[in-house]
Amino acid sequence: MLLGLLLAIVLALAGSAYVLGKRNVLALAAEAGRRPQSLAGYYGWYAALWCGIPGLLAATLWLALAPGWLESTVLSELPANAIPEEPAALDLFINDIENLASGNIASGTAGPEVRAAAARYTELRSQATWAAGLLTAVLGFGGAALGLRRIRPDLAARVWVERVLQGFLMLCSTVAILVTVGIVLSLVFETLRFFESVSVSEFLFGTHWSPQTALRADQVGSSGSFGAIPVFAGTLLITLIAMLVAVPIGLMSAVYMTFYASARTRDIVKPLLEILAGVPTVVYGFFAALVVAPAVRGFGTRLGLDVASESALAAGLVMGVMIIPFISSLSDDSITAVPKSLRDGSFGLGATRSETIRLVILPAALPGIVGGVLLAVSRAIGETMIVVMAAGLAANLTINPLEAVTTVTVQIVTLLTGDQEFDSAKTLAAFALGLTLFVVTLALNVVALRIVKRYREQYD
Amino acid sequence: MRRRLRAERNFRAAGFTAIGLAMAGLAILLGSILSNGLGAFRATEVRLDVTFDPAHFEGLEGLEGDERDRFLARVNYALLVRDAMRELFPEVEGRRNLRKLMGLVSSGARSQLREIVEADPGVIGSSATLWVPADDDVDVYRKGGISREVAEDDRRLSDQELAWIDRLDAEGRVRSVFATRFLTSGDSREPELAGIWGAVVGSFLTLMVTLSIVFPLGVSTAVYLEEFAPKNRVTDIIEVNINNLAAVPSIVFGLLGLAVFLNALHLPRSAPVVGGMTLALMTLPTIIITGRVAIEAVPPSIREAARGLGASPLQVVVHHVLPLALPGILTGTIIGMARALGETAPLLMIGMVAFIVDIPSSLNEAATALPVQIFLWADSPERAFVEKTSGAILVLLGFLIVMNGAAIWLRRRFEKSW
């Protein structure tokens, strides 16, 4: 492993720089007959940082750039006619070379050019490894030498070290921003490519979704159609069912727990609800597909209804169960945030408990509850595994909960799993759906957080 | 007044029903998984008297070293199994019937025989009594999953096969043992041979990557935001951003991983490195938020005392705040890891859904993870996989319970109220 090798080099050099730095400053200080400005360890860290930072930078740069450099060098050395021209064939060609070089099986039989290129690739790669190791070592060594030379007893080593470390901490906190930027950029970029082939209005307002694009241009229906309305409608339908289950149950259990339940009941029920929240979604999905969907179907058939085996109802019910603890803990928070004086005032006027709750507490807690419900909606929209396992694939535009519908997340998963090239309209459509999902959930969260926050301030 | 009291009672009953419904949901969920899954830990085996007939090893003489190994790997061990089965049921005639008879024993029996011979070629010519895995249908039948009342055409085993199994049973040749194979082997197309160890190792590798990225990064960010960050627009943006990131659907992180790690950086598909990095991005907000709460809980008096004694800001953090906040940070980290362990959707996006038989041994190898394995098995048509899936869920839930238990213990043990 190249990365491991480079890291080991840097670590070893930095370690010795630390020891040397510490020893040097003590020796110099003894010579000068004074104490060093900072604790001796800081001089060690000072030297180690001088060594480690250039070394690590070199290693990172190398790791980032080397594969591309290797590829282009190998390709430029091949005769021009041996290199395929189409991008797809070229990718395959390069893959073959890399696979052969690392001892894997190439696709089909490898021609002599590929073999030669692979041999050259291996050769270059081993040279490159040596060069990378050498470069890292030289830079690390040079840095250490420079740092050690600067060490004097009156150097404010602690200030320097702390400044660097604070810079590092700051850098870490920007990663979270980078992640968001990365999400937005990757989604937007691919979505724009998608909208090159499909118009925005067709995607947002089209009512026919069948992303199957044919392999050959002359096949029937080769274009596919990407009207996402049925997909959005399916998502909303399942979310609605989930909310119809989760909001009353979650809210009422929160109310019961805060106003009626004995301490013992609360001690038992709370952890159980937490278990419900901690169950992985794939388990819910399996449960929906194995137990709930057949039960719903059997029940429907007995009533004389025609129920699809992957009905929206089954997926929605299970998703509702998943969201119960979420709703109940959020409404619990906002109910307990209502000042006790309101409650006492209501009791003092002779209201019963249920009247107090219905007429005083719940209206006062309503903004918080609404915020919680919005958060829950956003979670239901983004939930993947339950619908992948229990909802259907066919995009039906229907409001009948007994039929099979599909959702945004299901489509993303089905479009992107399995081997395929990443530039067909079909795969790009998944990114467009992902962007829609991201924007909608983000908007819901922002609104919900704002509501919750404003309401909290009111009572503080 | 009576009406008001009745309303009160109704309201109370509604609350009680709500809790009852939630608990019923949990009970049905866990109950169905338990009742389906416990069977996965029992496996059915059949006793065979196998003769390692030298006739099947013709040409072995004179071969040495590698050549001999290659020869032994190529021998048709199914013939040995067939001979043994024929000996038990000498009356069975005809190709189709023989194939059905062979079908009672798992194809894993062949590899078991091969391993025996490869370990000690001296057994050739002798005979041995062996317990070999039964076919998944036999297993399902023994556990009551196939009923004789169903019409013969509608069930996986014919009357003839059931009669054979019953005869074997009567002769004491069928037994039910603890399914070590389920816990120690990788995935397989044959339910009776499939195990979760490959997925467990894959999950472990993935989580190691996640942990080694997210812990330093998350703690550093939390420390910076709590202790050093000036209150200005930039830090405000960072804060809002982290809160929003925490609520982004996990599948979006999968899309990010696919677009950045696979398509842009060309990292290996299906590998634990990529899975770990994707899950790290997903859990990062959780770790930062819990880390900040833990750091905030350390009282200012401690910081002031340390500052008063001449410690620098960084020394205050490293020597005093972090050690005191560590239990809280660790609790948050464990809970974040537990969430990452149960997460499936982002891993589907980066291709960790491949069918992988081998136990992964490095971070770059194709691997799968426990929840993904559950997803894959849940999709399999064989009846026996229902049991395997539930069994795997039980194992996953077991891990989650242990992790959350550890978090709770940590909190109870080290929690201080200042």
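We name chains A, B, ... by the order of the sequence lines, and we start the count at 1 in each one. As the structure is a computational prediction, the values presented were derived from the model and not from experiment.
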Under a 4.5 Å cut-off applied to non-hydrogen side-chain atoms, are [X] and [Y] in contact?
{"X": "A/Ile275", "Y": "B/Asn404", "result": "no"}
{"X": "B/Val248", "Y": "A/Thr441", "result": "no"}
{"X": "A/Glu162", "Y": "B/Gln315", "result": "yes"}
{"X": "B/Val386", "Y": "A/Phe286", "result": "yes"}
{"X": "B/Pro249", "Y": "A/Thr409", "result": "no"}
{"X": "A/Phe287", "Y": "B/Ile393", "result": "no"}
{"X": "A/Met252", "Y": "B/Phe11", "result": "yes"}
{"X": "B/Met349", "Y": "A/Val413", "result": "yes"}

_Side chain, backbone, both or neither of A/Leu187 within contact of chain B (heavy atoms, under 4.5 Å)_ = side chain
First locate atom [atom1] of [X], then atom [atom2] of [Y], and finally report the distance between them rounded to the nearest 0.5 Å.
{"X": "B/Ile19", "Y": "A/Ile324", "atom1": "CD1", "atom2": "CD1", "answer": "10.5 Å"}
{"X": "B/Leu245", "Y": "A/Ile183", "atom1": "CG", "atom2": "CD1", "answer": "5.5 Å"}
{"X": "A/Leu416", "Y": "B/Leu348", "atom1": "CG", "atom2": "CG", "answer": "10.5 Å"}
{"X": "A/Met322", "Y": "B/Leu29", "atom1": "CE", "atom2": "CG", "answer": "12.0 Å"}
{"X": "A/Ile249", "Y": "B/Met23", "atom1": "CD1", "atom2": "CE", "answer": "10.5 Å"}
{"X": "A/Ile386", "Y": "B/Thr344", "atom1": "CD1", "atom2": "OG1", "answer": "10.5 Å"}

With only heavy atoms counted, which part of [X] is less than 4.5 Å from chain A, the side chain, the backbone, both or neither?
{"X": "B/Thr235", "result": "neither"}
{"X": "B/Leu284", "result": "side chain"}
{"X": "B/Leu397", "result": "side chain"}
{"X": "B/Leu217", "result": "both"}
{"X": "B/Ser312", "result": "both"}
{"X": "B/Ile242", "result": "side chain"}
{"X": "B/Leu26", "result": "both"}
{"X": "B/Asn36", "result": "side chain"}
{"X": "B/Leu341", "result": "neither"}
{"X": "B/Phe16", "result": "both"}

_Selection from A/Ser173, A/Gly382, A/Pro280 maximising heavy-atom pairs under 4.5 Å formed with chain B_ = A/Ser173
*So which of A/Thr174, A/Val245, A/Leu375, A/Ile177 has the biggest tally of heavy-atom pairs under 4.5 Å with chain B?*
A/Ile177
*asked:* If you compare all heavy atoms of B/Gly310 against all heavy atoms of A/Arg158, which two are closest, and at what distance to 0.1 Å?
replied: O-NH1, 4.2 Å
*Going through the distances and angles, do A/Leu435 and B/Leu255 end up as a side-chain contact (heavy atoms from CB on, under 4.5 Å)?*
CA-CA 10 Å; A/Leu435 183 66; B/Leu255 287 174; over 6 Å; no
*Kindly say whether A/Cys172 contributes a backbone atom to a donor-acceptor pair with the side chain of B/Thr221 at under 3.5 angstrom?*
yes
*Sub-3.5 Å donor-acceptor pair from the side chain of B/Asn241 to the main-chain atoms of A/Ala176, do we have one?*
yes
*asked:* Does A/Tyr260, at its OH atom, have more than 12 non-hydrogen atoms belonging to other residues, nucleotides or ligands within less than 6.0 Å?
replied: yes
*Intermediate values then yes/no, side-chain contact (heavy atoms from CB on, under 4.5 Å), B/Phe375 and A/Val388*: CA-CA 10 Å; B/Phe375 171 65; A/Val388 166; 3.6 Å; yes
